[in-house]
Amino acid sequence: MSEKKTLAVLPLGGCGGCEYVIYQAIAERPEILDMYEIVYWPMVVENTELPEKVDVAIYEGVVNNYGHLKKALEMRKRAKIVISLGMCASFSGVPGLSAYFNIREILKDLYNMSEKEMGKDYDFLKPLPAPRSVPEVVPVDYIISHCPPIPEHVYVTLKDIYEGREPKIATKTVCAECPLKMKPMDVKKWSTKTTKEIDHETCYLSQGLLCLGPVTASGCGARCPRAGIPCYGCAGPTRDILMYDREDIPTKLAKEIAAMKGMDPERDYKKVLNELLKVYEPRRFYMFTLQSIFMKSKPFSLAMQTVLKGRGFRMEMKKRAHH
Amino acid sequence: MHPKTKKQILLDMTLIEGHMNVIVDTDEGIIKDVRVQGIDSRYFEKFCEGMAIDDLPKITPRICGLCSASHHVASAMAVDHVYGVEIPPRAKLIRRAINYGIILNNHVIHLIMMGFPDLLLKGKNRSMLKLMTVDKELVQEGMKLVKLGHEAVRVFGGRDIHPVRAMGGGVAKPPTETELKLFKEMLEKHEEVMKKFVKMALDKLASVEDLIKSYPNGNKYFGAVVQGNKSDYYEGKLKIVDQKGNVVKEVDPIDYQKALKEYTFDWTYIKPVTVVDEEYPEGAIRVGPISRINIIDSFGTPWADELLENFRQKFGRYAWDPLLYHEARVIESVHMFEMLKELIEMPEMWEGEYLIDTNGMKNERGVGLTEAPRGILIHDVTATEKDGEVVVKKFNIITPTAVNAAAIENDLKKFLLGKNLKDVEQDLYRMVSSVVRSYDPCMACATHSVSKGPSMVIRIREKGKEVRVIKG
């Protein structure tokens, strides 16, 4: 064994699940501790200061206030490689949904306080106008998606980095790992809820139950469809959607469904999309990616429109026009 | 006002889930006030507004990665109430098993990752990794039980972290017969592990009994979910008692606001909670293992009852010292293990209805009250119908650590107020963190957010300027 590399875990605004996954990875693969020396991880190691220099830093959680921002920038300066772990860090995750509302409204409703009042004596408490994912704040070398991530993914990535290899990229969709069998699709009305009548051996989409499997990255072994719940996109979008500007989660799903129905995906997808949007509130497509830099940078993304609508953007524009 | 004489110390806590600061205010070198600060929020209660209530059991587990299963169950219960359905017995058993599994998991992981490193180790950089070099067996046996607890959540809830199966009306799909059989075998195999771990853990705790007894209780009220005189780790009434066990409040879940009051402050993202007719912080309520095991008469399972009897012989019928949390956690883990064994033997677990189809809302409000590993957990949903779908109009969540926040302050105050900073400065961090850690505070829950401090640094400030920095 060559020399150990150093590892830091920097938790920002997350749920702690990702940190637990690191624990699980170490419990299942103790050899991680032969490859890495943990120099910073507040949940597990007491008395740790941000290390002067570190080989690999794992970020967890969204950047939600100025305290987080400062830590995220500071750690980047000291780390050779940065991994963003989990959906919050990588794609803004569930907390990213709060971008749908204005921070003023949120603080007023939850704390009965204005933006200026909140944390007036403590700079690090001051909230950002909207949560940010880590790639939006600092350059990131690797992304491990899923909410929560799979321990084996953490192990493989850390091992590859240690041995100087490039980690693999996931290219398939959840459907590739799903045991449910497809049937000819003849759906009149889409539903969003599992009922007693649902057959758990047959593909949910074939039965008219909306499932994000075809647009979600693989790697989880289709754990939710196996448990009786359609995929809701916790691994984030597939590589194709991330890479191409014109692809988006709802449109891609509409295209896949159109193809399953025997329609022309490129020509007829809009018809399917309209049907989907009737039963599926736009935020549900972006439960883990609403505030993601990848979605925001797409010129025609529904995510951006959703956020603007939620924040009453049009209304404000009108008001300004009046004055 | 003599601002020159006033100082404020911020203690960044480590070895807890999430980030908490403890603020110590001093005047002329005497400690005057101690407060608990949560440093960020992810605004769950707000952004759920307008989303389908069916999505709540999927979204709310993200509040906390450790006790995600309890949030999952509490949300599903609230949604049941909105739809006005009574779920089938089998679904209830499955949800119970999810909650029992996560309590077992969280208790043991706290002991090996935070509790024992704090109690047993000395010096700097205390951690589970260091504990492993001293006491490998304790950690290894503990890790097996941690996995067992999570396996229960995985089998019954579909996933170990952020489970998915529970939904309004029951559960989406029950575990298969093979899964149940394998889990039953796993439980049987872990009987010995459990015995070994409990013996080791209790011995370790007995070896530091003096330390445990040195931290006094500073609280008046204690709360838990009960059914009569028995605790219930899934559903029941909210009961609040005083130090002698007299009932102060006993309310149905839907009436929780008749017992609890929430506060907001500009220096913390936590919303502390007190008894409704008292003020912050004196009216604080302590919840979690120590409250639960004191409020009940007995568990109803033999092994846990035997341990409870020993506990009471040692510390009295009502024992409230904060560091007794650790022993209470060991006892409860045993109870959860026994309950899981009991559940898997029940014939309803293996067959029967598990889901009732839900249509349209029957009640405007639904409240899910359950026990999370760290204490009572309340999800309060006000719903409305929009475009033929039932969506969230208002959402309120009360988490165990939000309730405990003021209780931690009271215990710290009892210990620190009036002391001269010079006398305790050396050990301040250690003392404060021992009390804080015993509560196993989960800041992810408390502020519906988590974030951790950069280091263990004590900053002493005068008029907003840093005058001294102590690095521990």
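By convention in this document, chain letters (A, B, ...) are assigned in the order of the sequence lines, proteins followed by strands, and residues within each chain are numbered from 1.
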Original post:
Checking heavy atoms, do the side chain of A/E74, its backbone, both or neither come under 4.5 Å from chain B?
Top reply: neither
Subject >> Region of B/Q37 that comes under 4.5 Å of a non-hydrogen atom in chain A >> reply: side chain
**OP:** Give, as side chain, backbone, both or neither, the part of A/M113 having an atom under 4.5 angstrom from any heavy atom of chain B.
**Re:** side chain
Subject >> Nearest non-hydrogen partners of A/R284 and B/A52, listed with the distance >> reply: NH2-CB, 3.1 Å
Original post:
With chain B, which of A/I26, A/L110, A/I198, A/T192 has the greatest number of heavy-atom pairs at distances under 4.5 Å?
Top reply: A/L110
Subject >> Validation row: B/M113, A/Y20 side chains within 4.5 angstrom (heavy atoms) >> reply: no
Original post:
Highest number of heavy-atom pairs under 4.5 Å with chain A: which of B/E353, B/M51, B/K147, B/E179?
Top reply: B/M51
**OP:** For the pair B/N125 (side chain) and A/V45 (backbone), establish whether a donor and an acceptor sit closer than 3.5 Å, ignoring hydrogens and angles.
**Re:** no
Subject >> Donor-acceptor contact below 3.5 Å, side chain B/R165 vs main chain A/A227 >> reply: yes
Subject >> Contact leader toward chain B among A/L107, A/L125, A/D109, A/N65, where contacts are heavy-atom pairs under 4.5 Å >> reply: A/L125
Subject >> Part of B/Y263 lying under 4.5 Å from any heavy atom of chain A >> reply: neither
Original post:
Between B/Y269 and A/N64, does any side-chain donor sit less than 3.5 Å from a side-chain acceptor?
Top reply: no
Original post:
Looking at B/M167, B/E389, B/K58, which one has more heavy-atom pairs under 4.5 Å with chain A than the rest?
Top reply: B/K58
Subject >> Which of A/Q24, A/E281, A/M118, A/R226 touches chain B most, by non-hydrogen pairs under 4.5 Å >> reply: A/M118
Original post:
Checking heavy atoms, do the side chain of B/L355, its backbone, both or neither come under 4.5 Å from chain A?
Top reply: both
Original post:
How many angstroms lie between atom CD of B/E49 and atom CD of A/E105, to the nearest 0.5 angstrom?
Top reply: 7.5 Å
Original post:
So, are B/R437 and A/E46 salt-bridged, with charged N and O less than 4.0 Å apart?
Top reply: yes
**OP:** Look at B/H162, B/M128, B/R159 and state which one has the largest set of heavy-atom pairs under 4.5 Å with chain A.
**Re:** B/R159
**OP:** Enter the distance from A/Y111:OH to B/S41:OG here, rounded to the nearest 0.5 Å.
**Re:** 3.5 Å
Original post:
Which bit of B/D160 comes within less than 4.5 Å of chain A, counting heavy atoms only: side chain, backbone, both or neither?
Top reply: side chain
Original post:
What part of B/M143 lies closer than 4.5 angstrom to a heavy atom of chain A: side chain, backbone, both or neither?
Top reply: both
Original post:
Is it the side chain or the backbone of A/Y100 that comes within 4.5 Å of chain B heavy atoms, both, or neither?
Top reply: neither
**OP:** Among A/V62, A/L97, A/I38, single out the residue with the greatest number of heavy-atom pairs under 4.5 Å to chain B.
**Re:** A/L97
Original post:
Checking B/T176 against chain A: side chain, backbone, both or neither under 4.5 Å from a heavy atom?
Top reply: neither
**OP:** Would you mind checking which part of A/C147 comes under 4.5 Å of any heavy atom in chain B, side chain (CB onward), backbone (N, CA, C, O), both or neither?
**Re:** both
**OP:** Calculate, to the nearest 0.5 Å, the distance between atoms CD1 and OH belonging to B/I39 and A/Y66 respectively.
**Re:** 14.5 Å
Subject >> Side chain, backbone, both or neither of A/P148 within contact of chain B (heavy atoms, under 4.5 Å) >> reply: both
Original post:
When you look at NZ of A/K193, are more than 12 heavy atoms from neighbouring residues, nucleotides or ligands closer to it than 6.0 Å?
Top reply: yes
Subject >> Winner by heavy-atom pair count (cut-off under 4.5 Å) against chain A, out of B/V171, B/N21, B/I109 >> reply: B/I109
Subject >> Between B/D357, B/V164, B/D387, the one whose heavy-atom pairs under 4.5 Å with chain A are most numerous >> reply: B/D357
Original post:
Among A/P131, A/G17, A/S98, who wins on heavy-atom pairs under 4.5 Å with chain B?
Top reply: A/S98
**OP:** First locate atom CG of A/D121, then atom CD of B/Q8, and finally report the distance between them rounded to the nearest 0.5 Å.
**Re:** 7.5 Å
Subject >> A/K126 NZ: over 12 foreign heavy atoms closer than 6.0 Å >> reply: yes
Original post:
Does any heavy atom of chain A fall under 4.5 Å from the side chain of B/I23, the backbone, both, or neither of them?
Top reply: side chain
Original post:
Quick one: are B/R42 and A/C15 in side-chain contact, heavy atoms under 4.5 Å?
Top reply: yes
